[in-house]
**Q** 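One structure is given below, represented as structure tokens, and several questions about it will come after.
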Amino acid sequence: MEGKELIADDESLAMNGLHLNGQDSLVQALLTDFYQITMCYAHWMNKKSESHAVFDLYFRKNPFQGEYTIFAGLEDCLRFVENFRFSSSDLEYIRHVLPNAEEGFFEYLAALDCKKVRIEAIPEGTVVFPKVPLLIVSGPIGICQLLETTLLNLVNYASLVATNASRFKLAAGGEMQLLEFGLRRAQGPNGGLSASKYCYVGGFDGTSNVLAGKLYGIPVKGTQAHSFICSFSSETDLNIRSIRTVDGKEVDLYELAKEKLSWLMNTINWGVARSELSQGELASFVAYAIAFPTSFLALIDTYDVLRSGVINFLSVALALHDCGYRSLGVRIDSGDLSYLSKEIRIRFKKVAQADSSLSFVASLTIVASNDINEETIISLNEQKHEINAYGVGTHLVTCQKQPALGCVYKLVSCDGEPKIKLSQDVSKITIPCKKLCFRVYGKSGNPILDLMTIRGDEDFTHFETDADGNKVEFQSSRTEKYEGSILCRHPFEEGRRCLVSSECQIHRLHRVYWDGELKEKLPTLPEIRSHVFSELSKLRSDHKRYLNPTPYKVSVSSILFDFLHDQWLKNAPICQLE
């Protein structure tokens, strides 16, 4: 059943499967680090739990040695916030781990929800870059602090694996079908479901994960394992041999396959004796073809791809063709994938040339699996393979190349006072204050720069709002204006700066998704996936290339640059020498 049919049949899937499985029942108020609760108690004890705070959730470096990231997990965050409450059993457990806490704290927790919280976010599926907040969370510091760990958990892996999937898609090319086969290698059942969901968002076309198919409407794909092939030793293992043709006749498919095998051996020189072909393999193919005559795709590397598997497959495929059915193709799961795919294609074409009625055989699908990673795909491209689809598991869902994105959640304002976190590592210095963030598009229509400024910056107070974002109109005559342009600066390096022309289109990045309640209609999973494709198509190719991609500029306005460095000096201790 196709994914869109699933969605049509079950309206509950409009929420992308949320709240329909045990995974999501784990996303609750207690899914947090202990120190979040202890900090919340300390704030409450100090009568500061209602102080207005602003937190930025962002990452410091793009993953996989690349220069872009796909933002994912927003809907999961919003559903978590929407349902945030401590249960009576939660409160009893907190009493157990905080035995000396005052009773009033538990009364505070019992009444706590996210009605006073506001979340501004970049739309899910958008291409994002370091330092720019993915989420801006504001509200009472007590509740905002309690949200930190769960929000990070929901964004970190989702964004990481969606980005990984998009990189596989870019490496493979737009015409290549990509299938996610990672459930058995994922980090537990929750990781397996998240991987299937966000690999689909990132560009994969289907999954082997049946539960993910049910919950999220993702197309489910699969063939057979070597164990199925090995379970047949000869034709005696075929308890059912007949198949009903498209015309309604009963045909012994095994006998017909043997006839086709004789024709193949007599018509084409395979360089192999018929006695070398595995009888058990042929029987297994027939059994599977009887079960799935309209979608027969065979795993052909159990014994020998070229000396047995491909020949036995073609025998069954031609037999099915006589019965009115069109086979899909083959899968190879070991060996030299480039060489084997080209040799298989040569054999397919020989069969097509031998009989004009079999021309379809030349274009049958070849699926390749076997521990495939991004580098494997790039290498296969260089070898001009004949593969039509990849099944990818371990390297995709475990993000073996980089296991974590490294998102952080930092306080940037409290009760209207800017907050900065300093470090000897400049990349870990935070940018204080609540910010406005924009994406600048050049004359070619490609994004060229992300720009952050202070809320209230007069250069950005006049803009037209539309459904897709905000177009900025520069109004100020401050010194940062240069003949109709605006100066954009690197946050920490004074000499790195550039001018943006007022002719450029500039759109605001964030929307208000939550302000005590949901404020935006959330997109479906296919809509998020389409947004990813659109975003990547706009990004310049040099930002996406595998080797030495061009860094994307993330800048601050002059007023924010001056403010940041003023706060840096104001909060940095002055060393006294004696």
**Q** Check this for me: Lys61, atom NZ, are more than 12 non-hydrogen atoms of other residues, nucleotides or ligands nearer than 6.0 Å?
**A** no
**Q** At what distance, to the nearest 0.5 angstrom, does CD of Gln187 lie from OG1 of Thr398?
**A** 6.0 Å
**Q** Mind telling me whether His507 and Tyr441 have parallel, tilted or perpendicular rings, with 30° and 60° as the class edges?
**A** perpendicular
**Q** Verify whether one side chain among Thr149 and Asp33 offers a donor that lies under 3.5 Å from an acceptor in the other.
**A** yes
**Q** Using modelled atom types only, decide if a donor and an acceptor are shared between the side chain of Glu180 and the backbone of Gly391 within a distance under 3.5 Å.
**A** no
**Q** For Leu134 versus Cys407, what's the shortest heavy-atom pair and its separation?
**A** CD1-SG, 4.3 Å
**Q** Does the side chain of Pro491 come within less than 4.5 Å of Ile431's, by heavy atoms?
**A**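 With C-beta onward as the side chain, the pair touches.
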**Q** Is there a side-chain contact between Phe533 and Ser166 in this structure, where contact means two heavy atoms from C-beta onward sitting under 4.5 Å apart?
**A**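 Contact flag for Phe533/Ser166 side chains = no.
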**Q** Just by distance, no angles: are the side chains of Arg331 and Thr223 close enough, under 3.5 Å, to form a donor-acceptor pair?
**A**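 Per modelled atom types, Arg331 and Thr223 side chains form a pair under 3.5 Å.
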**Q** Is it the case that more than 12 heavy atoms not belonging to Tyr339 sit under 6.0 Å from its OH atom?
**A**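 Atom OH in Tyr339 is not packed in, count stays at 12 or less.
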**Q** So, for Lys221 and Gly206, which heavy atoms are closest and what is the spacing to 0.1 Å?
**A**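 Nearest heavy atoms, Lys221 then Gly206: CG-CA, 4.4 Å.
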**Q** Examine distances only and state if a side-chain atom of Lys131 and a backbone atom of Tyr58 form a donor-acceptor pair shorter than 3.5 Å.
**A**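 Judged by distance alone, no pair lies under 3.5 Å.
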**Q** Considering all heavy atoms of both residues, which atom of Leu560 and which atom of Cys433 are nearest to each other, and what is their separation?
**A**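 Heavy-atom minimum between the residues: CD1-SG, 3.9 Å.
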**Q** Is there a donor in the side chain of Gln383 and an acceptor in the side chain of Ser379, or the other way round, less than 3.5 Å apart?
**A**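 Note: Gln383 and Ser379 side chains meet the donor-acceptor criterion.
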**Q** In Å, rounded to the nearest 0.5 Å, how long is the span from OG of Ser338 to CD1 of Ile387?
**A** 7.0 Å
**Q** Can we call the ring centroids of Tyr552 and His543 under 6.0 Å apart?
**A**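 Centroid separation for Tyr552 and His543: below 6.0 Å.
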**Q** Should Asp56 and Lys410 be marked as a salt bridge (Lys or Arg N to Asp or Glu O under 4.0 Å) after you check the CA-CA gap, both sets of side-chain angles, and the distance that decides it?
**A** CA-CA 5 Å; Asp56 286 350; Lys410 296 298 183 183; over 6 Å; no
**Q** Give a yes or no answer on whether the side chain of Asp450 reaches the backbone of Val554 with a donor-acceptor pair at less than 3.5 Å.
**A** no
**Q** Would you say the side chain of Leu509 lies within less than 4.5 Å of the side chain of Val132, judging by non-hydrogen atoms?
**A**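 The answer is yes; the side chains approach within 4.5 Å.
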**Q** For residues Ser423 and Asp425, is any side-chain donor paired with an opposing acceptor at under 3.5 Å?
**A**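 Looking only at side-chain atoms, Asp425 and Ser423 do not form any donor-acceptor pair under 3.5 Å.
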**Q** If you count the non-hydrogen atoms of other residues, nucleotides and ligands that lie under 6.0 Å from NZ in Lys421, is the total more than 12?
**A** yes
**Q** Taking the side chain as C-beta and beyond, is there a heavy-atom pair between Thr550 and Arg545 under 4.5 Å?
**A** yes
**Q** Kindly give the heavy-atom pair with the smallest separation between Phe80 and Leu154, and that separation in Å.
**A**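 Nearest pair, atom of Phe80 first, then Leu154: CB-CD1, 4.0 Å.
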**Q** Under the 3.5 angstrom rule, does the side chain of Asp566 hit a backbone N or O of Asp562 as a donor-acceptor pair?
**A**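 No, because the side chain of Asp566 does not come within donor-acceptor range (under 3.5 Å) of the backbone of Asp562.
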**Q** Kindly compute the distance separating OG (Ser159) from CZ (Phe59), expressed to the nearest 0.5 Å.
**A**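 Output value for this atom pair is 7.5 Å.
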**Q** Check the side chains of Ser557 and Arg489 for a donor-acceptor pair under 3.5 angstrom, ignoring hydrogens and angles.
**A** no
**Q** Any side-chain donor paired with an acceptor under 3.5 Å for Thr365 and Asn388?
**A** no
**Q** Say whether Thr126 and His531, considering side chains only, have a donor N or O and an acceptor N or O under 3.5 Å apart.
**A** yes
**Q** A cation-pi test, strictly: NZ or CZ of Lys401 under 6.0 Å from the centre of the six-membered ring of Phe64 and no more than 45 degrees from its axis. Yes or no?
**A**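 Relative to the ring axis of Phe64, which defines the angle, Lys401 lies outside at least one limit.
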**Q** Return the CG to CG distance between Leu31 and Leu151, rounded to the nearest 0.5 Å.
**A**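 Leu31 CG to Leu151 CG: 10.5 Å, rounded to 0.5 Å.
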**Q** Can you confirm whether more than 12 heavy atoms, excluding those of Glu494, are under 6.0 Å from its CD atom?
**A**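 Open.
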**Q** Counting only heavy atoms not in Glu520, do more than 12 fall under 6.0 Å of its CD?
**A**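 Atom CD in Glu520 is packed in, count exceeds 12.
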**Q** Check whether any side-chain heavy atom of Lys434 lies under 4.5 Å from a side-chain heavy atom of Ser138, and answer yes or no.
**A**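 Answer yes - side chains close enough.
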**Q** Rounded to the nearest 0.5 Å, how far apart are CG of Leu147 and CZ of Phe84?
**A** 5.5 Å
**Q** Can you confirm whether the side chains of Gln177 and Tyr390 place a donor and an acceptor under 3.5 Å from each other?
**A**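 No.
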**Q** Can you find a heavy atom in the side chain of Arg79 that is under 4.5 Å from one in the side chain of Leu522?
**A**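 With C-beta onward as the side chain, the pair touches.
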**Q** Just checking, is any N or O donor in the side chain of Asp76 or Tyr198 under 3.5 Å from an acceptor N or O on the other one?
**A** yes
**Q** Walk me through it: do Glu75 and Lys197 pass the test salt bridge (Lys or Arg N to Asp or Glu O under 4.0 Å)?
**A** CA-CA 12 Å; Glu75 180 171 357; Lys197 178 178 180 180; 5.7 Å; no
**Q** Heavy atoms only: give me the nearest Thr150-Gln28 pair and the separation to one decimal.
**A** OG1-O, 4.4 Å
**Q** Give me the atom names and distance for the closest heavy-atom approach of Ala171 to Asn381.
**A**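 Scanning both residues completely, I find the closest heavy atoms to be O-ND2, 2.8 Å.
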**Q** Would you say the side chain of Val500 lies within less than 4.5 Å of the side chain of Ser485, judging by non-hydrogen atoms?
**A** no
**Q** Which is it for Arg529 and Asp205 under the salt bridge (Lys or Arg N to Asp or Glu O under 4.0 Å) test, yes or no, and what are the steps along the way?
**A** CA-CA 10 Å; Arg529 170 183 161 89; Asp205 301 287; 3.2 Å; yes
**Q** Any idea how His565 and Trp568 line up, ring-wise: parallel (<30°), tilted (30 to 60°), or perpendicular (>60°)?
**A** tilted
**Q** Let me confirm one number: the CG-SG distance from Leu146 to Cys40, rounded to the nearest 0.5 Å.
**A**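 Atom-to-atom, Leu146:CG and Cys40:SG are 4.0 Å apart.
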**Q** Is the backbone N or O of Ile136 less than 3.5 Å from a side-chain atom of Glu120, with the two atoms forming a donor-acceptor pair by type?
**A** no
**Q** Phe55 vs Tyr409 aromatic rings, parallel, tilted or perpendicular, using cut-offs 30° and 60°?
**A**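 Aromatic pair Phe55/Tyr409 classed parallel.
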**Q** Output yes when Glu386 and Lys342 qualify as a salt bridge under the 4.0 Å nitrogen-oxygen rule, no when they do not.
**A** no
**Q** Could you tell me whether the side chain of Leu57 reaches within less than 4.5 Å of the side chain of Val137, counting heavy atoms only?
**A**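 No, too far: nothing below the 4.5 Å cut-off.
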**Q** Under 3.5 Å, is there a donor-acceptor pair linking the side chains of Asn373 and Thr376?
**A**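 The criterion, which ignores hydrogens and geometry beyond distance, is satisfied for Thr376 and Asn373.
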**Q** Taking the basic N atoms (NZ, or NE/NH1/NH2) and the acidic carboxylate oxygens, is any pair closer than 4.0 Å for Lys519 and Glu517?
**A**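 Result for this pair is yes, salt bridge flagged.
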